[in-house]
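Letters A, B, ... are given to chains in the order of the sequence lines, protein chains preceding strands, and every chain is numbered from 1.
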There are 2 protein chains.
Amino acid sequence: MSHWLKMIRTNPELVAYTEKLFQQGSHNIHEEAFGAKHKIMEQDHRYRKVYLIREGIAKCYISDENGKEFIQEFLGEGMEFGELEVFSNKLTICSVESITPLKVFSVSHDGFHQLLKTDPHFNMLILKALADKIRYKAPRHSYQHAYPIEDNILRLKKLFPELTEVIPKKDIANYIGVTTRSLNRALKELKEKSGA
Amino acid sequence: MSHWLKMIRTNPELVAYTEKLFQQGSHNIHEEAFGAKHKIMEQDHRYRKVYLIREGIAKCYISDENGKEFIQEFLGEGMEFGELEVFSNKLTICSVESITPLKVFSVSHDGFHQLLKTDPHFNMLILKALADKIRYKAPRHSYQHAYPIEDNILRLKKLFPELTEVIPKKDIANYIGVTTRSLNRALKELKEKSGA
DNA sequence: TAACCAGTGGGACAAATGTCCTTTTTAAAA
DNA sequence: TTTTAAAAAGGACATTTGTCCCACTGGTTA
């Protein structure tokens, strides 16, 4: 009933297996690194690579015409991005930006197709990863709509107390889908309640 | 910039190919039918089948403790449901209920695995279908948050004018993520604006 | 026909959230 | 240390949305 709330998503199995392929010398897989706050992908652009996070945290978000950001996911170890465009050959829908410094694997679209076709285990891991992304998103938005901000924060803090030390307030607000002002208000009220 | 707004989702390629497999006598694939307003899957239960819609419309939704429904997708021809649990072997997160009478294909989990392993084209279609579900959901929720109800309705009506004749108001409201009252209010204001 | 129910539409008020702007705090740079 | 910029916190007010009602309609059933 609450596992989905895990805020920074991971996929240990996928990163472990990719690591193994890499160590075996698969020339489809390359290493890259980015500093903090680096914009790796930009919404509505075309890319020909799939990334997989080995270390660090990134945010995946959509921004509208007014510059408002809405965060889709916080990506941790083992999470991939840029993979959706392998199948549809369309433009990216999300921007991805590193929060902490990042170490990633990168695989070209062709290399990714190659792996999917020739490696059944890899194929299954990707299917599972996609399915998990869907499963994860479903309850999140419905919950955020159905409950007031306070409840949302409470749950987040319970599962991830170090939250505010790693992720800036603005990003948390954009994740919940409210303004910073509203987030602060809710936090203050929570403090007063627990203090009294 | 607006294709995603298509409210009732379809996947012609997938249904065509499945139809073909069925006609060729694949014993993994079976036919089933349901009347309108029939609850086919219920949240938090376990199922061992994947369904694919040949004809009709269904809604896929999550409901919370208070009975509030939040609609994830309206499923049309070619959309599958119950497929996420093939990979994770967990309980269903969504309930699925037919809106109109439904004709579907059903495939057991084992049969589905079979097809994924032995039929590369089927495998690719499923990968694509999963990727599309993710792509579709991302902008939808961010949009609904960022813009007032009115704007959301306007877009829906523009893309799908016959909307209110096929889908009950309550479902539309649950899809947008607001109460029926708010939906009505917005509709009224729109009417007044266009009238003046 | 009468009774009933689900779906629809809306009034009045309460609560939640956003907007705008200012102050405080923190952390980095000079 | 001082200076500066960015992040965080919050006051005051406007707007949006929700809650709780009640009224109206059409179709079904006793």
Side-chain angles (χ1 to χ4, degrees), chain A residues 35-38 59 61 63-71 97 99-101 141-157 162-195, chain B residues 35-39 59 61 63-71 97-100 141-154 156-157 162-195:
Chain A
K37 301 194 183 186
H38 187 266
K59 61 176 174 178
Y61 63 96
S63 36
D64 64 18
E65 308 84 57
N66 313 320
K68 275 186 197 168
E69 291 183 3
F70 191 81
I71 293 187
E97 188 180 316
I99 294 180
T100 67
H141 296 287
S142 78
Y143 188 85
Q144 289 179 356
H145 258 291
Y147 293 91
I149 303 180
E150 271 191 44
D151 294 38
N152 277 292
I153 299 172
L154 273 179
R155 309 229 164 183
L156 288 182
K157 280 224 164 178
E162 67 274 39
L163 185 70
T164 45
E165 282 120 57
V166 190
I167 297 176
K169 279 278 167 62
K170 195 165 166 280
D171 284 345
I172 298 176
N174 287 338
Y175 177 79
I176 301 183
V178 298
T179 59
T180 317
R181 182 69 194 88
S182 299
L183 178 66
N184 273 329
R185 186 156 32 212
L187 282 171
K188 193 189 172 197
E189 269 154 28
L190 280 178
K191 223 179 290 172
E192 278 164 9
K193 275 182 193 169
S194 65
Chain B
K37 300 194 184 186
H38 186 266
K39 200 165 196 170
K59 61 176 174 177
Y61 63 96
S63 36
D64 64 18
E65 308 84 57
N66 314 320
K68 276 187 196 166
E69 290 184 4
F70 191 81
I71 294 187
E97 188 180 317
S98 56
I99 294 180
T100 67
H141 296 288
S142 78
Y143 189 86
Q144 287 178 357
H145 259 289
Y147 294 90
I149 303 180
E150 273 192 43
D151 294 37
N152 277 292
I153 299 172
L154 272 179
L156 289 181
K157 279 224 165 179
E162 68 274 39
L163 185 70
T164 45
E165 282 119 58
V166 190
I167 298 177
K169 280 278 166 62
K170 196 164 164 282
D171 284 345
I172 298 176
N174 287 338
Y175 177 80
I176 302 184
V178 298
T179 59
T180 317
R181 182 70 194 87
S182 299
L183 179 66
N184 273 330
R185 186 156 31 211
L187 283 172
K188 194 191 170 196
E189 272 154 26
L190 279 178
K191 223 179 292 172
E192 279 164 9
K193 276 182 194 170
S194 65

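Taking 4.5 Å as the limit, every side-chain heavy atom of B:N152 sits out of range of all side-chain heavy atoms of B:V178.
The two atoms that bring B:A186 and B:I153 nearest to each other are CB-CD1, 3.5 Å, heavy atoms only. Between B:K59 and B:I71, the closest heavy-atom pair is CD-CD1, 3.9 Å.
Residue side chain A:R185 reaches the base of C:dG18 through a donor-acceptor N/O pair under 3.5 Å, judged by distance alone. Judged by distance alone with a 3.5 Å cut-off, a donor-acceptor contact links the side chain of A:R181 to the base of D:dG11.
Using a 4.0 Å heavy-atom criterion, one finds that A:I149 contacts the sugar-phosphate atoms exclusively.
The side chain of A:T179 contributes no N or O atom lying less than 4.0 Å from OP1 or OP2 of C:dT17. Contact annotation: A:K170 side-chain N/O to D:dA8 OP1/OP2 distance is not under 4.0 Å.
Here C:dG9 presents its P atom at 7 Å from CG of B:L187, a figure rounded to the nearest Å. In this structure, A:D151 atom CG and C:dA16 atom P are separated by 10 Å, rounded to whole Å. What separates CD of B:E69 from C1' of C:dG7 is a distance of 15 Å, to the nearest Å.
Residues B:K188 and B:P168 each lie close to DNA chain C; by heavy-atom proximity, the contact nearer the 5' end of the strand is made by B:P168.
Distances were taken from every side-chain heavy atom of B:N184 (C-beta onward) to each of C:dT8, D:dT19, C:dG9; the shortest belongs to C:dG9. Proximity note for A:K37 (side chain, C-beta onward) versus D:dA7, C:dG7, D:dG18: the nearest is D:dA7.
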